[in-house]
Amino acid sequence: MNKPYQSVSEIEDLSLGDHACWLYENEAMYQDIIAKFLRLGLERHERVMYFGDLHTAGEVSRVLLQHDIDMTRLVAEGSFVWLAASDVY
């Protein structure tokens with residue numbers, strides 16, 4: 001998909017296989033983006049992958065728990081994959 005995404009509300013427009021990279025202005029916006037992205041993928045029964053280096057897996061897990069998403073359980077089930085970008089690129 002070549003369309004740039006400019007707001008969190010457009011996450012719903014993602015299709016299976018699309019890749020997304022969001023810029024955020026503050027920590028609250030970051031937390032909203034990852035929670036909404038992961039929740040949508042899970043509702044669609046998709047495997048969600050997160051690549052990043054600015055936040056540790058523990059930090060991401062705490063953010064998701066604040067949104068009632070248990071990252072530890074999802075990783076164990078294979079529904080969610082968290083990788084440091086430095087391990088991938």
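These numbers come from the heavy atoms of this one structure, side chains and all, not from hydrogens, waters or symmetry mates.
Cluster membership for Leu23 and Leu14, using ILVMFWY side-chain heavy atoms within less than 4.5 angstrom, is not shared. In the hydrophobic cluster analysis, where Ile, Leu, Val, Met, Phe, Trp and Tyr join through side-chain heavy atoms closer than 4.5 angstrom, Leu65 is grouped apart from Met71.
Between Glu12 and Lys36 the shortest side-chain heavy-atom distance falls below 4.5 Å. Taking the side chain as every heavy atom from C-beta outward, Val63 and His55 never approach each other to under 4.5 Å. Between Ser79 and Val48, every side-chain heavy-atom pair lies at or beyond the 4.5 Å cut-off. Within the 4.5 Å cutoff, the side chain of Val81 has no heavy atoms near those of the Tyr50 side chain.
No donor-acceptor pair closer than 3.5 Å links the side chain of Arg44 to the backbone N or O of Arg39. Looking at Asp53, its side chain does come within 3.5 Å of a backbone N or O of Ala85 through a donor-acceptor pair.
The salt bridge (Lys or Arg N to Asp or Glu O under 4.0 Å) contacts involving residues 59-77 comprise Arg73-Glu77, where partners must be two or more places apart or lie in separate chains.
Atoms CG and CD, from Leu40 and Glu46 in turn, are 7.0 Å apart once rounded to the nearest 0.5 Å. Separation of atoms CG (Leu74) and CZ (Arg47) is listed at 12.5 Å; rounding is to 0.5 Å. With rounding to the nearest 0.5 Å, the separation of CH2 in Trp82 from CE in Met49 is 12.5 Å.
Every residue two or more places apart in sequence or in another chain that forms a ring-ring contact (aromatic ring centres under 6.0 Å, His included) with Phe37 is listed here: Trp22. Every residue was checked against the ring-ring contact (aromatic ring centres under 6.0 Å, His included) condition with Phe51, not counting sequence neighbours, and none meets it.
The aromatic rings of Tyr30 and Tyr24 sit tilted relative to each other, their planes meeting at an angle between 30° and 60°.
The two residues Thr72 and Ser61 come nearest to each other via the heavy atoms OG1-OG, 4.2 Å.
The number of heavy atoms from other shown groups lying within 6.0 Å of CD (Glu27) is above 12.
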